[in-house]
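Report on the following structure.
Quantities reported herein were computed from a predicted structural model and do not represent experimental measurements. Letters A, B, ... are given to chains in the order of the sequence lines, protein chains preceding strands, and every chain is numbered from 1.
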There are 2 protein chains.
Amino acid sequence: MELPHAYAVTVDLVVLTIRDNRLCALLVERGLPPYRGNWALPGGFVLPDEDLMAAAIRELGEETGITGHLEQIATYGAPDRDPRGRVVTVAYLALMPDQPMPTAASDVSNADWRPVDSLGGLAFDHDRILADGVERARAKLEYTPLAAAFCPPEFTIADLRQVYEVVWGSALDPRNFHRKATSTVGFVEPTGRATDGQRGRPAQLFRRGDAAVLHPPLLRP
Amino acid sequence: MELPHAYAVTVDLVVLTIRDNRLCALLVERGLPPYRGNWALPGGFVLPDEDLMAAAIRELGEETGITGHLEQIATYGAPDRDPRGRVVTVAYLALMPDQPMPTAASDVSNADWRPVDSLGGLAFDHDRILADGVERARAKLEYTPLAAAFCPPEFTIADLRQVYEVVWGSALDPRNFHRKATSTVGFVEPTGRATDGQRGRPAQLFRRGDAAVLHPPLLRP
DNA sequence: ACAAAAGTGTTCCTCATACACCCATGT
DNA sequence: ACATGGGTGTATGAGGAACACTTTTGT
């Protein structure tokens with residue numbers, strides 16, 4: 001039997017970070033048609049003999065130089081989603097600590113971190129993909145220790161709480177959050193070190209724990 | 001820019017139902033190479049100008065004659081997953097009440113419902129896809145009213161509890177489950193009718209409620 | 001009367017929330 | 001001393017687990 005080879009396959013990345021207390025996504029300004037000059041999610045074609053996840057890892061490295069947590073969001077394949085023809089895209093989610101400004105890749109004219117609220121008008125169906133990615137990130141914080149992926153290797157409980165507050169867009173009680181984070185096994189591991197206090201009492205520093213899921217979960221208000 | 005058209009795209013279906021108190025998946029025996037004679041998930045190529053979900057709905061109709069709940073599981077695209085060449089498949093999950101034996105489609109020699117435990121040796125990477133689909137179904141029962149998708153239009157609380165017990169593989173307390181199901185808003189709606197009791201007191205009949213999510217969720221033990 | 005399944009009430013425990021309070025630092 | 005943020009203790013309430021108990025049918 002002969003296979004129909006009628007599709008192009010791409011990966012698109014929803015890369016999230018926290019800058020200036022806002023949840024930001026990595027976007028690129030397209031340097032080629034279609035949607036030339038529009039902002040879009042970073043991404044690109046899957047190479048021959050390359051797995052989907054490998055393509056996502058490669059693209060993430062090209063755009064940010066960073067290897068972080070990557071997870072599939074969903075796949076989008078509406079027949080008219082790309083004016084060039086039939087393109088099916090597999091979207092991946094990445095979370096990372098605040099990075100220096102990403103360097104623009106060859107096929108884009110610019111790249112920047114942009115707050116995910118007050119966003120719209122992205123190329124293709126990327127508004128929808130970004131929204132799905134953000135919702136996935138919000139949900140993952142509830143039952144995994146993934147919030148630490150937004151933090152540097154060592155962080156305080158207040159740093160971690162900031163992540164939740166920014167991603168969820170709602171304030172949390174610092175006292176209850178502290179108890180919850182430190183008492184849930186595998187969420188955070190104490191390093192024994194503490195910050196030099198700049199304002200107030202110095203805080204203990206923690207590393208990310210090794211739990212895959214949080215028991216019990218930390219639910220949105 | 002010219003697009004690389006190097007991929008075939010398929011949809012594969014994890015269609016689950018409950019028969020004889022076991023969680024069963026719809027499988028087909030392949031009538032053509034590769035994997036001729038092996039059991040596999042039903043599925044097929046996405047047509048030109050067809051959306052992915054539309055392809056899944058079409059395949060489900062062809063295999064079962066039924067339109068049910070459909071939801072994307074994930075996408076699988078390892079370079080060697082199909083010996084014929086580069087095939088990327090988007091997997092969908094469907095849940096449905098017990099059906100009469102499905103009719104075999106033209107390109108398969110047989111079709112059957114098979115219990116998902118004690119399964120293995122499926123064609124391609126379908127063991128993995130099936131496992132992911134089953135895990136998704138187990139998780140969805142926790143926070144959505146989707147268990148009713150396994151039941152006929154009208155069902156008793158005991159029927160619904162059976163669904164949970166079979167899918168999760170663990171016993172639940174009938175009294176607590178009853179209270180929980182009937183008190184969670186939007187989970188089930190009373191019809192006013194009741195079963196003719198065959199053994200014991202007749203049970204009230206319910207319809208599926210209209211809630212999208214369960215508040216609070218019904219967690220696995 | 002008895003078995004069997006439906007459905008209710010009650011107790012105990014875990015955990016989320018709210019908030020009073022103490023601790024450790026800089027100014 | 002005071003402001004600022006880190007961290008602990010404790011009361012209250014919602015909901016889960018366990019299980020005694022009542023209800024309604026068939027045999």
Enumerate all atom pairs, one protein N or O and one N or O from nucleotides 13-16 of chain C, separated by less than 3.5 Å.
{"from": "C/dA16", "atom 1": "OP1", "to": "A/K180", "atom 2": "NZ", "distance (Å)": "2.2"}
{"from": "C/dA16", "atom 1": "OP2", "to": "A/K180", "atom 2": "NZ", "distance (Å)": "3.1"}

query = Roughly how far, to the nearest 0.5 Å, is CE of A/M53 from OG1 of B/T75?
reply = 12.0 Å
ask   = For the side chain of B/K180 and the backbone of B/P217, is there at least one donor-acceptor N/O pair under 3.5 Å apart?
value = yes
query = What is the distance, rounded to the nearest whole Å, between atom CD of B/E142 and atom C1' of D/dG16?
reply = 14 Å
request  = Please figure out whether B/D173 or A/N176 has its closest DNA chain D nucleotide nearer the 5' end.
outcome  = A/N176
Whole-Å distance separating the CG atom of A/L205 from the P atom of D/dG6 = 12 Å
Pairs under 3.5 Å (N/O, protein and nucleotides 3-7 of chain C):
{"from": "C/dA5", "atom 1": "OP1", "to": "B/R199", "atom 2": "NE", "distance (Å)": "3.1"}
{"from": "C/dA6", "atom 1": "N3", "to": "B/R201", "atom 2": "NH1", "distance (Å)": "3.1"}
{"from": "C/dG7", "atom 1": "OP1", "to": "B/Q204", "atom 2": "N", "distance (Å)": "3.0"}
{"from": "C/dG7", "atom 1": "OP2", "to": "B/H178", "atom 2": "NE2", "distance (Å)": "3.3"}
{"from": "C/dG7", "atom 1": "O5'", "to": "B/H178", "atom 2": "NE2", "distance (Å)": "3.3"}

inquiry  = So does B/Y76 get a backbone contact from the side chain of B/T89, meaning a donor-acceptor N/O pair under 3.5 Å?
reply    = no
remark   = From CZ of B/R179 across to C1' of D/dT22 the rounded distance in Å is 14 Å
query = Is A/T156 reaching over with its side chain to a backbone N or O of A/L205, donor-acceptor style, under 3.5 angstrom?
reply = no
inquiry  = Determine whether a donor-acceptor pair (N or O, by modelled atom type, separation under 3.5 Å) exists between the side chain of B/R138 and the backbone of B/V167.
reply    = yes
query = Ion pair present between A/D132 and A/R136, side-chain N to carboxylate O less than 4.0 angstrom?
reply = no
remark   = A/D196 atom CG is separated from C/dA24 atom C1', nearest whole Å, by 13 Å
note = Between CZ of A/R193 and P of D/dG6 the distance, given in whole Å, is 18 Å
query = Under 4.0 Å between a Lys/Arg side-chain N and an Asp/Glu carboxylate O for A/D20 and A/R22?
reply = no
inquiry  = Using a 3.5 Å distance criterion without hydrogens, assess whether the side chain of A/Y92 forms a donor-acceptor pair with backbone atoms of A/V11.
reply    = no
